[in-house]
J.: 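One structure coming up, written as structure tokens, with questions to follow.
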Amino acid sequence: MKCLLCEDLSFSHICEACQNIFLTPSIYRRKILNNIEVISFYKYKDIKNLLHTKHTDLGYYIYSIMAKNSFKKFASSFLYENKISAIAIDDNAKSGYSHTAILNKQLSSKTILPEFAKLRAKNDISYSGKSKEFRMMNPRDFHFKPTRYKNIVIVDDIITTGSTLSQAITTISRHDHTPLFCLTLADAGTK
Ligand SMILES: [Zn+2]
């Protein structure tokens with residue numbers, strides 16, 4: 001096949017050289033509700049075209065490649081005193097796969113246990129392109145199912161205003177579980 005980015009012949013949808021150039025992760029940090037840290041690996045504008053493959057057949061492969069370059073590397077060097085459950089925002093399959101479940105799966109390690117279908121929005125409204133006010137007026141109304149471990153890392157693909165993750169934090173905390181931090185592929189607030 002051809003590399004999506006440079007069009008050279010490649011064994012994968014993005015060749016190794018392009019993965020090194022475009023998908024070597026950085027660490028971007030910001031704090032949201034309850035002073036909880038959100039760690040992101042890419043600037044939104046740098047991987048915008050790749051993120052736009054979600055909900056297409058190609059997106060399955062592209063999200064897997066991005067997740068291996070970032071989430072998997074993070075998990076392999078992450079240590080914590082207790083075991084942690086990892087759950088993804090809204091990991092229901094919309095087009096044959098769930099893009100956030102792909103990310104979560106790559107966190108599997110001695111410390112982190114990815115768990116699925118634990119956090120679902122009862123309100124399926126899209127926040128894409130909507131203002132912070134709109135997001136506050138239209139809560140996602142998350143439903144949380146208890147996880148194996150009390151300490152939790154929350155996974156999503158993009159952080160914009162932080163509304164979605166903040167709502168997830170509130171819901172999880174109400175159920176006597178502890179959100180430790182959040183991981184997202186891309187931060188849309190970075191310059
Ligand atoms: Zn390439």
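Atoms considered below: every heavy atom in the structure, side chains included; atoms not considered: hydrogens, waters and symmetry mates. Every number for a ligand or one of its atoms is a count from 1 in the order of the listing.
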J.: Keeping the roles fixed (side chain from T56, backbone from G59), state whether a donor-acceptor pair exists under 3.5 Å.
T.: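 Yes, because the side chain of T56 sits within donor-acceptor range (under 3.5 Å) of the backbone of G59.
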J.: In residues 31-39, what donor-acceptor pairs under 3.5 Å come from side-chain atoms, sequence neighbours left out?
T.:
residue, atom, partner, partner atom, Å
E37, OE1, R29, NH1, 3.0

J.: May I ask you to check whether Y44 and Y28 place their ring centres under 6.0 Å from each other?
T.: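 They do not qualify: ring centres at least 6.0 Å apart.
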J.: Is the NZ or CZ atom of R174 positioned over F144's six-membered ring, under 6.0 angstrom from the centre and within 45° of the axis?
T.: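 Ring-cation test returns no.
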J.: Could you pull out the N/O/S protein atoms under 2.8 Å of the Zn ion (ligand 1), ignoring any water?
T.: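 Listed by chain and number: C3 SG, C6 SG, C15 SG, C18 SG.
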J.: Within a reach of under 6.0 Å around CE of M137, are more than 12 heavy atoms found that belong to other residues, nucleotides or ligands?
T.: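 No, not enclosed.
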J.: Under 6.0 Å from the ring centre and within 45 degrees of the ring axis: does the NZ or CZ of K130 meet both conditions for the six-membered ring of Y127?
T.: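 No cation-pi geometry.
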